Amino acid sequence: MNISQSSFPRVVIIGGGFAGLSAAKGLENKELQVVLIDKHNYHTFQPLLYQVATGGLEPDSIAFPLRKRFNDVDNFYFRLADVLKIHPEQNEIETSIGMLDYDYLIIATGSKTNFFGNKRIETHVMEMKSIPQSLNLRSMILENFEEALLVSNLEDRRALMNFVVVGGGPTGVELAGALAEMKKEILPKDYPDLDIREMKINLIQGTGELLSGMSAEASKKAEDFLVKLDVDVWKNLRVVDYDGIVVKTSSEASFTAATVIWAAGVQGEAIDGLDATCTIERTNRIKVDGFSKVLNSKNIYAIGDIARMSTKAYEDGHPMMAQPAIQQGKLLAKNLLAEINGKPLQQFIYNDKGVMATIGRNKAVVDLPKWKFQGVFAWFVWMFVHLYSLIGFRNKTIVFMNWVYNYIRYDRETRLIIRPFKNKNKYSFTEK
Ligand SMILES: Cc1cc2nc3c(=O)[nH]c(=O)nc-3n(C[C@H](O)[C@H](O)[C@H](O)COP(=O)(O)OP(=O)(O)OC[C@H]3O[C@@H](n4cnc5c(N)ncnc54)[C@H](O)[C@@H]3O)c2cc1C
């Protein structure tokens, strides 16, 4: 890997997401050699992926080059690689570019989509966990409308204009709202020869309420906002099968749809090599103690989505969200330095700063620990928090300018098919 041995202990961090980046920041310019490894050379701001998918933002405005963040940091190395396996007995990791030994290992690999073992669904649905996947979705949405123009059969046209979003958590709600705004403001102008009223957006939620991690007020208001935007909200309904055309559900209801977007769950992005007892089978998350140390290990830690730290308040682990990841990374960096210097360690206590989701223009819901509110003010708070949290001045500026432009002009100018979506499993209505 071309990383020199130093007299300082080596800390290897796998993953430059919210957790890994926060840990790396806390360890910069200390008497340590820090090696950050990621399969992408950028950090992804996942909360805004849905805006990339719906033509509201450029993909590079929500990505930040990992090397740039550490340009002026001594003893810091970044390597672009896929980590394939951990060898805890040898204190080594195996990667796509070679082996690397470590004194301390931090696993911050985040999460991946959970299809709950249904391979057919996995083959045919669209995911939205990364920038390339969001770009695929953006292309596919637009390609479907281009194809809808060409088909003469009414049923086929309706299928191409029928969107099913599975999962009524923040991702599903935000995506359904953004699609509804495209239907209202963009598509009738771009496709005057199509009857856009035929476009349907179905949001399917397995339980009895949307945004189940939020308050009852937020859940109810989000549903009202979506219904006003002409989204069909289906509750207590589970998707059980999708063959690329027909969505089958747990009830009689079925949908003929060219696009199904799966936002129904995530599971830990685990790496092979750890003792099987360290991982929770259902969620694929790694069991850690209150100091983020992996079960039965001396020098391996896990933070962020991948880590399952069971506490009294969070028995099944902390919510898989940015704040727990950032806070765990920050504290772990402090604790590692304390451990090396023989000082006492601090147990992790999650400081819940609140949860929010946006449904569309002037429509958001915010639950703060002591205050819950919805509507226009919530929408401004949502925008401010997301702008503030984005990494890099350039990204903040571009996103801000885009939002102002989109707000004033009722537009989304990045509705571009730059890289056509290719999937051999995609059903073609025009090539029948
Ligand atoms: C669409 C969407 C919307 C979201 N909206 C919100 C929101 O509004 N608010 C909120 O708080 N949270 C939101 N989240 C959740 C939030 O983004 C995650 O909880 C957070 O990113 C977790 O941080 P992390 O560092 O654990 O993982 P990540 O940020 O996912 O980072 C993991 C990193 O590890 C790298 N990696 C993984 N495996 C390997 C490997 N084998 N080798 C090398 N590198 C690897 C990945 O490339 C990635 O860079 C959203 C998530 C999604 C997908």
Side-chain angles (χ1 to χ4, degrees), residues 47-59 61-62 125-128 131 133-151 157-168 170-204 210 222-223 225-233 255 257-263 357-364 379 382-383 386 399 401-421:
L48 293 179
L49 281 173
Y50 83 96
Q51 295 212 2
V52 172
T54 51
L57 288 175
E58 291 89 347
S61 65
I62 64 158
V125 298
M126 300 299 283
E127 293 179 61
M128 205 183 55
I131 290 178
Q133 286 171 350
S134 293
L135 286 174
N136 283 344
L137 186 52
R138 184 175 87 183
S139 294
M140 186 173 172
I141 293 168
L142 299 169
E143 283 166 19
N144 281 351
F145 282 94
E146 298 298 334
E147 197 173 353
L149 275 176
L150 307 178
V151 294
R157 193 176 327 125
R158 285 192 176 142
L160 283 160
M161 291 163 70
N162 196 7
F163 292 79
V164 174
V165 179
V166 190
T171 302
V173 164
E174 294 186 341
L175 186 63
L179 284 169
E181 290 205 324
M182 279 183 94
K183 174 180 175 180
K184 203 168 137 203
E185 290 155 9
I186 311 291
L187 299 167
K189 287 185 254 167
D190 278 8
Y191 298 94
D193 16 17
L194 278 175
D195 182 359
I196 295 296
R197 285 172 305 178
E198 281 177 358
M199 175 183 180
K200 293 271 173 250
I201 302 148
N202 299 284
L203 177 63
I204 302 186
L210 300 178
E223 187 175 339
F225 282 146
L226 284 168
V227 171
K228 249 189 212 151
L229 282 168
D230 205 19
V231 173
D232 293 325
V233 178
F255 305 83
T259 314
V260 175
I261 304 141
W262 191 259
T358 183
I359 295 88
R361 163 185 293 261
N362 298 335
K363 298 178 188 67
W379 188 64
W382 179 92
M383 281 199 295
H386 283 72
V399 169
M401 298 299 285
N402 262 295
W403 284 350
V404 171
Y405 181 88
N406 295 349
Y407 190 75
I408 297 171
R409 307 267 312 173
Y410 286 80
D411 210 346
R412 285 164 184 262
E413 287 218 348
T414 50
R415 48 186 191 277
L416 308 164
I417 307 171
I418 300 275
R419 191 191 57 183
F421 174 62

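In this chain, residues are counted from 1 in sequence order. Predicted, not measured: the structure shown is a model, and the values here were computed from it.
- Taking CG of Leu194 as the reference point, atom CZ of Arg157 lies at 6.5 Å (rounded to 0.5 Å).
- Between Phe145 and the options Ile196, Asp190, Leu160, a side chain to side chain contact (heavy atoms under 4.5 Å, CB included) holds for only Ile196.
- Within the 3.5 Å criterion, the main-chain N or O of Leu179 finds no donor-acceptor partner in the side chain of Lys183.
- Counting only distance, with no hydrogens or angles, the side chain of Arg158 and the backbone of Glu198 share no donor-acceptor pair below 3.5 Å.
- Residues Phe225 and Trp379 place their aromatic rings such that the two centres sit no closer than 6.0 Å.
- Listed for the Ser139 side chain is a donor-acceptor partner under 3.5 Å among the backbone atoms of Arg419.
- What you find for Val164 and Ala257 is that their closest heavy atoms are CG2-CB, 3.8 Å.
- Counting non-hydrogen atoms of other residues, nucleotides and ligands closer than 6.0 Å to OH of Tyr407 gives a total above 12.
- Rounded to the nearest 0.5 Å, atoms CD1 (Ile62) and CG (Leu57) are 7.0 Å apart.
- Considering every non-hydrogen atom in both Gly55 and Arg412, the closest pair reads O-CB, 3.2 Å.
- Between Met182 and Leu142 the shortest heavy-atom distance is CE-CD2, 4.4 Å.
- A donor-acceptor pair shorter than 3.5 Å cannot be found between the side chains of Ser61 and Asn402.
- The CD1 atom of Ile261 sits 12.0 Å away from atom CD of Glu127, with the distance rounded to the nearest 0.5 Å.
- Of the possible polar contacts, none joining the Glu223 side chain to the Val233 backbone as a donor-acceptor pair under 3.5 Å is found.
- When atom types are taken as modelled, the side chain of Asn406 and the backbone of Gly56 share a donor-acceptor pair closer than 3.5 angstrom.
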